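The structure appears below as structure tokens.
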Protein chains: 2
Amino acid sequence: MAVTLKEIARRTGKSITTVSRALAGYDDVGAETKTLVRRVADELGYTPNLLAQRLQKRRSDTIGLILPTFGPRFSDPFFSEFLAGVGNMAAEHGYDLLVSTQPPGERELQVYRQKVQSRQVDGFVIVRTRRQDARIRYLREIGFPFVAFGRIEGDMDFPFVDVDGIQGMRMIGEHLIGLGHRRIACLAPPADLSFAEHRLIGLRQALATYGLELADSLVRPGDLTQKSGYQITLQLLDSVQPPTAIAACNDLMALGAMSAIQERRLIVGRDVAVTGFDDIPMAEHSHPPLTTVHQPIYQIGKTVCDMLIRLLKGLDVTPHQVILAPKLMVRQSCGANMHRFTTEKGGGVTIA
Amino acid sequence: MAVTLKEIARRTGKSITTVSRALAGYDDVGAETKTLVRRVADELGYTPNLLAQRLQKRRSDTIGLILPTFGPRFSDPFFSEFLAGVGNMAAEHGYDLLVSTQPPGERELQVYRQKVQSRQVDGFVIVRTRRQDARIRYLREIGFPFVAFGRIEGDMDFPFVDVDGIQGMRMIGEHLIGLGHRRIACLAPPADLSFAEHRLIGLRQALATYGLELADSLVRPGDLTQKSGYQITLQLLDSVQPPTAIAACNDLMALGAMSAIQERRLIVGRDVAVTGFDDIPMAEHSHPPLTTVHQPIYQIGKTVCDMLIRLLKGLDVTPHQVILAPKLMVRQSCGANMHRFTTEKGGGVTIA
DNA sequence: ACTATACACCAAAACGTTTTGGATGTCAAG
DNA sequence: CTTGACATCCAAAACGTTTTGGTGTATAGT
């Protein structure tokens with residue numbers, strides 16, 4: 001059977017109280033008693049029963065993370081990296097990470113409510129915020145602790161971390177325009193996502209600076225998967241006036257776009273430029289390497305989790321709203337650096 | 001404050017016992033009392049305190065899943081899909097999923113031990129088994145419930161699900177040989193992983209059937225990432241006698257291999273054939289689409305979790321060892337189906 | 001000799017639930 | 001009027017921990 005405080009108390013001839021306090025290091029326990037208790041506890045391999053501890057302390061020491069999945073073939077390199085960041089930080093502070101998957105919708109909120117009411121978690125990490133985010137509205141309403149990755153529309157008096165999507169996409173836009181592109185298409189995210197808006201605005205800003213406009217026909221909403229990037233790009237390439245550049249709002253769609261372009265026997269970077277957003281590990285090793293905007297996803301996961309833990313511990317959380325500057329990663333899919341891409345070894349055409 | 005049984009008892013004028021039993025549906029509670037109690041519970045929005053419930057029931061209704069991550073830039077599409085499968089099945093049966101990340105090694109086992117001893121989880125899902133798997137050895141030793149995805153070396157009297165890697169890789173080998181390849185290189189997984197051995201055996205078997213051998217110099221162990229596939233392939237291409245086909249033991253490395261080949265301005269499928277293993281979502285939409293072996297990862301996640309839950313509930317778990325037949329997905333990276341790849345639309349050379 | 005002050009300890013309550021082992025009342029049968 | 005069966009209810013114990021509010025015993029100060 002599991003070893004309990006009671007058992008240690010019996011063996012040391014002390015009371016349960018004393019044993020508990022000895023192990024916790026209180027100084028109303030004698031030095032000898034302390035060492036005795038600790039020795040016996042070690043010998044028996046005592047580990048406190050967390051369930052009991054949590055009931056008594058009235059907190060679960062658990063952080064909730066509910067992944068908004070879409071369908072069974074859910075596979076997002078973005079999330080696995082984020083998860084690692086959150087998970088490691090949580091573990092570092094002795095918190096558990098309770099992970100759930102639930103597509104956005106009616107039931108999603110139920111899950112949050114249930115976890116709150118049954119006191120299963122002490123706080124939530126919210127990912128992929130929506131412009132109108134029912135999760136955030138609910139949690140704020142009841143005053144339940146959470147930290148979001150991403151912003152929302154309207155009142156934003158809550159802790160979050162976000163990357164400046166406007167600036168990121170503006171950099172992409174300016175870079176593409178600098179390379180001579182004028183007909184730029186955008187593979188947009190679902191419109192209800194917060195970052196969708198930002199990224200579109202950023203792209204529009206870049207174009208506006210040069211007196212250009214983003215034609216509605218060139219803004220194509222996808223679902224963030226490689227497949228949708230692929231399909232939309234095929235359509236774009238088959239249109240009467242295909243774009244010369246495709247700015248995808250995430251890397252997965254950008255990779256799909258590259259596949260589509262290559263399938264049409266066109267050269268990415270030369271015939272059509274492609275850019276992404278996220279800088280997932282794969283971006284660096286795709287062919288050609290993907291020009292994109294770097295988000296330190298792992299680090300963001302850690303930061304978000306750290307902020308939440310500070311919040312839970314009642315510590316000061318400043319700044320409680322962090323907007324990170326994105327970093328443009330110019331590689332070859334945009335047509336810049338083509339010399340590297342073509343001459344390095346295998347010969348072939350050199351475009352200086 | 002939170003609503004408790006006590007509060008309901010107070011309001012209904014019944015005892016805590018009766019309230020508890022009424023809600024649980026015991027039939028030693030009068031019909032009227034039952035409805036009364038339920039009504040009041042509903043009105044107050046009662047949700048049982050899971051911490052208390054679990055302490056009393058001496059189980060955590062929680063399944064542990066510890067991801068063996070490597071480094072901070074951990075990003076494996078394989079895991080996110082598996083996670084979704086496990087998570088959904090767990091949720092369906094009212095179980096929580098406790099996710100942790102921990103690189104293999106000394107500390108990893110500590111984490112398992114700690115979760116077991118503190119009664120944080122009722123059972124584990126083990127992923128990416130090693131040939132000598134300390135996790136499995138430990139859990140078996142203490143008789144703690146778990147189900148593994150993957151096998152181990154030696155005594156295998158424990159529940160697991162696995163895909164027949166030998167057969168899968170044999171199919172790959174035979175397919176490549178059928179296409180005329182004789183110099184086949186293998187991008188192998190780290191040797192300590194269980195499936196590494198199986199896949200190499202499968203490939204060797206295929207070659208042996210045709211009186212061929214797998215030269216040691218062509219077996220290159222990687223670390224399963226795209227980056228390592230990329231680097232190893234560059235080395236292979238630069239060697240005196242480059243292979244005509246590269247059989248990667250997972251899709252990520254295969255994708256890296258394709259990048260490397262393309263960077264050398266060679267055509268994947270024509271100049272060098274590439275194959276993968278896993279059939280991650282990305283495989284279908286890479287360029288060219290990746291010939292690989294399909295593993296129903298989401299489904300495996302569900303099955304593994306289901307088996308574990310049955311185990312925990314004391315239900316019959318038969319068969320408790322499942323080996324799934326893999327499915328060869330012939331696409332274009334291997335050089336088959338090249339007509340589709342080249343002629344579909346964009347013109348260019350047709351290789352019938 | 002009396003009061004402080006510190007020190008070392010502990011019984012009991014509490015956290016919120018489920019289960020155990022009755023208690024009470026009613027009704028029909030004997 | 002008893003007896004037994006049945007239906008309905010509940011006090012108390014238990015799960016394993018932490019905290020509260022003490023008690024008792026030296027030692028020091030007056």
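Protein chains get the first letters and strands the later ones, always in sequence-line order, with residue 1 at the start of each. From a predicted model like this one, the values you see are computed outputs, not experimental measurements.
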(request) For B/Gln120 and D/dC15, give me the distance from atom CD to atom P, rounded to whole Å. (result) 21 Å
(message) Under 4.0 Å from OP1 or OP2 of C/dC9: is there any side-chain N or O of A/Ser15 that close?
(response) no
(message) For a quick test of reading the model, state the closest non-hydrogen atom pair linking A/Arg151 to A/Val163 and the distance between them.
(response) NH2-O, 3.5 Å
(message) Does B/Arg113 qualify as a cation-pi partner of B/Tyr138, given the criterion of NZ or CZ under 6.0 Å from the six-membered ring centre and within 45 degrees of its axis?
(response) yes
(message) I'd like to know if the side chain of A/Thr129 reaches the main chain of A/Ile152, judged simply by a donor and an acceptor atom lying under 3.5 Å from each other, with no hydrogens or angles considered.
(response) no
Could I get a table of every N or O pair under 3.5 Å where one atom is in the protein and the other is in nucleotides 17-20 of chain C?
residue, atom, partner, partner atom, Å
C/dT17, OP1, B/Tyr46, OH, 2.7
C/dT17, OP1, B/Asn49, N, 3.2
C/dT17, OP2, B/Leu5, N, 2.7
C/dT18, OP1, B/Gln53, NE2, 3.1
C/dT18, OP2, B/Ser20, OG, 2.7
C/dT18, O4', B/Gln56, NE2, 3.4
C/dT19, OP2, B/Tyr26, OH, 2.9
C/dT19, O4, B/Thr17, OG1, 3.4

(message) Rounded to whole Å, please give me the gap between CG in B/Leu55 and P in C/dG16.
(response) 12 Å
(request) Calculate the interatomic distance between B/Arg59 atom CZ and D/dA14 atom P; express it in whole Å. (result) 21 Å
(message) Rounding to an integer number of Å, can you tell me how far B/Glu32 CD sits from D/dA7 C1'?
(response) 12 Å
(request) Round to the nearest Å and state the distance from A/Arg10 atom CZ to D/dG16 atom P. (result) 15 Å
(request) Validate the cation-pi geometry between A/Arg128 and A/Phe78: distance from NZ or CZ to the six-membered ring centre under 6.0 Å, angle to the ring axis within 45°. (result) yes
(message) When you measure only distances, ignoring hydrogens and angles, does the side chain of B/Asp28 come within 3.5 Å of the base of D/dC9 through a donor and an acceptor?
(response) yes
(request) Any pair with a residue in residues 307-322 of chain A that passes salt bridge (charged side-chain N to carboxylate O under 4.0 Å, His left out), sequence neighbours left out, goes on the list, sorted by first then second residue, please. (result) none
(request) Calculate the interatomic distance between A/Arg58 atom CZ and C/dA14 atom P; express it in whole Å. (result) 11 Å
(request) Can you label the angle between the A/Phe124 ring and the A/Tyr112 ring as parallel, tilted or perpendicular, going by 30° and 60°? (result) tilted
(message) It should be established whether B/Lys14 places a side-chain nitrogen or oxygen under 4.0 Å from OP1 or OP2 of nucleotide D/dC9.
(response) yes
